[in-house]
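Down below is the structure, laid out as structure tokens.
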Amino acid sequence: MKVPNRSDQGLWTGFLRSAGRFPGHSAVVVEGKTLSYGQLRELACRIAATIQLRTEDSSTPLTAVFAYRSPVAFAGVLGSLLAGHGYVPLKRMFPIERTQVMLERAECQSIIADLGSLPQLDQLLSSVRKPLVIVLPDLEDTGHLQKQWPMHVFIGSRNLAPMNLWREPSVNPEAIAYLLFTSGSTGIPKGVMVTHRNVAAFLEYMVDRYHVTQTDRLSQMFDMTFDLSVFDMFVAWEAGACVCCPSQKTLIKPAAFVGEMGLTIWFSVPSTAVFMKRLGILKPGRFPSLRWSLFCGEPLPVSLVAAWLGAAPNTALENLYGPTELTIACALYRWDPQRSPAESERGIVPIGYPYPGMEVLVVDQALREREPGQEGELLMNGPQMSLGYWKDPDKTGSAFVTPPGRSEIFYRTGDLVRRPVGNAPLTHLGRIDSQVKILGHRVELGEIEAVVRDASGLDGVVAIGWPATASGYEGVDVFLEGVTRDASVLRISVASRLPDYMVPRRFHFFDRLPRNVNGKFDRTAMQGQLKEGL
Amino acid sequence: MSEYSSKGLRDFLQSHLSENLAAQGRDFPDDFGDTCDLLLSGLIDSLGLMELMTAIQEHCGREIDFDALDPEQMTIVGPLCDFVSDQMKTFQSDEKLLV
């Protein structure tokens with residue numbers, strides 16, 4: 001369904017349009033319950049009206065959503081937007097100190113929380129110094145909380161404003177639709193400001209490309225603190241489709257979930273599929289209902305694709321790429337069994353081609369454009385480029401730059417790619433910061449990882465420069481995830497394909513490698529293990 | 001005691017988890033026991049649990065039909081170990097019958 005002139009609409013507009021057209025259709029399945037578009041609209045509008053009535057006008061209004069895989073989580077996201085606020089997703093499983101920093105930095109006036117997050121809300125409030133409006137749609141009586149925290153205003157289900165008091169906000173396409181915190185290298189999370197206009201450009205392309213209709217059922221594998229969740233919710237709601245949200249426990253049985261929900265569109269990090277493959281649950285023909293299988297968030301190993309396509313014979317598979325700063329995903333690649341193996345590099349599926357309106361630059365360290373075929377850092381700009389980091393002009397200035405000879409600002413992704421020759425796809429080669437000097441040689445750790453991945457047959461491989469010297473590193477250690485292999489055999493195999501200085505000195509086998517909060521490999525943690533002598 | 005008995009699997013689980021937690025610089029919990037819910041206690045996340053299932057399967061050397069276990073139970077130490085142990089008993093008795 002092509003939606004004309006989306007760019008001037010709010011992120012909530014598509015949901016309201018679908019709720020008007022299909023009020024009885026399923027909008028979301030969560031906690032084993034189905035909420036129709038009409039039911040979700042009513043709860044979201046009542047939350048929105050409550051916020052509109054209880055909070056003061058602010059130049060940058062933001063509301064935190066402290067809810068996890070519950071009806072309130074979905075109604076809270078929509079309720080924030082329908083109140084004219086941007087939403088700030090918070091997660092009770094994160095360390096409470098981290099959540100406190102996010103809440104404080106975002107300067108939210110209000111929080112929407114679900115019942116399951118009440119224990120952590122209590123801890124969160126202990127550090128809050130400004131009065132908040134706290135909406136608890138699951139809780140009838142909030143008297144005890146009001147008594148305990150008199151500075152704040154608590155509103156339970158009984159006191160939610162009626163739907164008829166809700167007023168649709170005016171749309172400012174440049175206003176923040178969501179503020180999403182990503183990990184910062186200094187340890188302090190950075191808030192990425194994504195506008196309605198940014199998401200509109202993304203949604204317009206996605207809904208059109210995947211021909212999403214009201215009969216589709218989309219997975220919600222991503223937590224709301226991961227921006228890929230925006231795809232699940234808003235692509236579905238734009239088209240009147242249903243979001244199927246597994247519980248925390250059902251997340252560990254993804255194969256059964258696909259069948260039980262009759263999913264038609266799957267979207268996850270590749271790691272989920274890697275574990276499904278290792279568990280032996282990617283049985284041939286197991287997922288006949290899937291018509292699209294999408295992966296994003298980390299490199300997609302070529303070795304995974306055949307197993308997945310065997311399990312999902314009616315699916316098309318695409319690899320999506322994008323940092324939060326460029327709004328969810330900004331490049332993609334359609335897997336083609338004939339063409340793609342040759343187009344893949346280092347055992348990783350290409351990231352493909354930029355989304356409409358997004359411009360690509362591949363540059364050297366001085367931000368000068370590289371020649372076709374050469375490696376360099378990927379810079380991008382276009383309608384999906386976010387405003388930068390919340391109240392952090394220094395970090396924004398160093399990541400959003402104007403390359404020499406250009407007048408536009410580009411975002412530095414920190415990703416190493418090869419500048420395509422002709423119409424070839426972009427290939428992802430690793431992170432810029434994974435380029436290290438070993439005994440004076442410039443080494444791309446991604447290349448070592450690719451060779452070890454191939455030689456070991458394991459998908460989870462991370463190379464770390466170690467130990468540090470004044471000019472770089474003395475050698476390389478490699479961490480592997482999966483069944484232990486014979487290290488001497490592996491070393492011989494790797495040594496036949498890499499120069500001496502690139503051959504890993506040690507292989508460390510783990511059942512599971514450390515990952516960050518979004519499930520991506522945590523190199524810093526692995527470096528820490530080496531420092532501590534493992 | 002067989003390493004695939006319920007007790008043997010608990011020992012495997014304990015050593016596996018303590019190794020993984022140590023790798024993250026975290027301590028093994030004092031109150032680890034049969035009623036411990038690995039997910040809800042925050043010991044591991046959902047990807048970590050999938051990895052644990054993989055490790056159990058690789059330890060047992062056979063495919064375990066985790067789909068047959070209620071997701072509410074499979075994150076709790078006691079029911080998880082009992083379930084895997086029962087599956088292994090079934091495999092072993094089937095193999096005896098074949099012999």
Side-chain angles (χ1 to χ4, degrees), chain A residues 32 69 91-95 116 120 221 223 246-257 259-260 268-281 283 286 460 479 481-484 508-522 525-526 528-532 534, chain B residues 9 11-28 35-80 83-84 87-88 91:
Chain A
R69 298 186 176 272
K91 181 170 154 184
R92 61 175 178 257
M93 289 79 176
F94 283 171
Q120 291 81 6
M221 303 305 286
D223 291 339
S247 68
Q248 191 186 10
K249 290 206 169 187
T250 312
L251 274 174
I252 58 182
K253 294 181 78 170
F257 186 71
E260 282 161 18
S268 77
V269 286
S271 279
T272 305
V274 167
F275 283 122
M276 289 163 86
K277 182 182 163 199
R278 282 177 65 192
L279 275 169
I281 53 180
K283 305 273 190 222
R286 178 145 192 196
F479 288 66
E481 184 174 78
V483 185
T484 304
H508 309 285
F509 291 90
F510 288 89
D511 290 320
R512 188 179 186 225
L513 296 179
R515 286 177 163 80
N516 67 17
V517 292
N518 285 331
K520 299 181 187 180
F521 290 130
D522 187 345
M526 289 179 234
Q529 287 179 39
L530 289 172
K531 275 183 198 153
E532 287 169 16
L534 283 174
Chain B
L9 286 162
D11 292 344
F12 169 76
L13 210 67
Q14 184 156 349
S15 80
H16 178 86
L17 281 172
S18 59
E19 192 182 303
N20 278 11
L21 288 170
Q24 298 165 34
R26 295 168 62 192
D27 294 328
F28 192 76
T35 56
C36 175
D37 190 313
L38 301 168
L39 201 61
L40 298 187
S41 64
L43 270 184
I44 42 182
D45 60 10
S46 54
L47 271 181
L49 230 125
M50 287 182 74
E51 180 278 318
L52 179 66
M53 288 150 63
T54 312
I56 292 173
Q57 193 161 280
E58 284 160 2
H59 172 70
C60 293
R62 11 208 355 160
E63 210 165 280
I64 306 290
D65 181 16
F66 286 107
D67 276 356
L69 181 57
D70 175 2
E72 289 302 318
Q73 298 288 304
M74 68 194 293
T75 60
I76 303 171
V77 173
L80 175 63
F83 173 80
V84 176
Q87 284 239 332
M88 290 306 286
F91 287 136

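Order of the sequence lines fixes the chain letters, A, B, ..., with proteins taken first and strands second; residue numbering starts at 1 for each chain. What you see is a predicted model; the values in this text were computed from it and never measured.
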> Which of the residues B:L49, B:L69, B:D67, B:D65 is involved in the greatest number of heavy-atom pairs with chain A at under 4.5 angstrom?
Replying inline: B:D67

> Pick from B:G42, B:A55, B:P71: which one has the most heavy-atom pairs with chain A under 4.5 Å?
Replying inline: B:P71

> Which atoms of A:M526 come close to chain B, meaning under 4.5 Å heavy atom to heavy atom: side chain ones, backbone ones, both, or neither?
Replying inline: neither

> Can A:D511 and A:R278 be counted as an ion pair, charged N to O under 4.0 angstrom?
Replying inline: no

>> Check this for me: does any side-chain nitrogen of one of A:E260 and A:K253 sit under 4.0 Å from a carboxylate oxygen of the other?
In response: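 Here A:E260 does not pair with A:K253 in a salt bridge, since their nearest N and O are not under 4.0 Å apart.
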
>> I'd like to know if the side chain of A:R69 reaches the main chain of A:P246, judged simply by a donor and an acceptor atom lying under 3.5 Å from each other, with no hydrogens or angles considered.
In response: yes

>> Using the ring-ring contact (aromatic ring centres under 6.0 Å, His included) criterion, which residues pair with A:F257? Sequence neighbours excluded.
In response: none

>> If you count heavy-atom pairs within less than 4.5 Å of chain B, which of A:T250, A:D522, A:I281, A:L251 leads?
In response: A:L251

> Which region of B:D45, side chain (C-beta onward) or backbone (N, CA, C, O), has a non-hydrogen atom less than 4.5 Å from a non-hydrogen atom of chain A, or is it both or neither?
Replying inline: side chain

> Side chain, backbone, both or neither: which part of B:E51 has a heavy atom under 4.5 Å from chain A?
Replying inline: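 B:E51 touches chain A through backbone and side-chain heavy atoms alike.
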
>> Using 30° and 60° as the class boundaries, would you call the ring planes of A:F479 and A:H508 parallel, tilted or perpendicular?
In response: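 It falls in the tilted class, 30° to 60°.
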
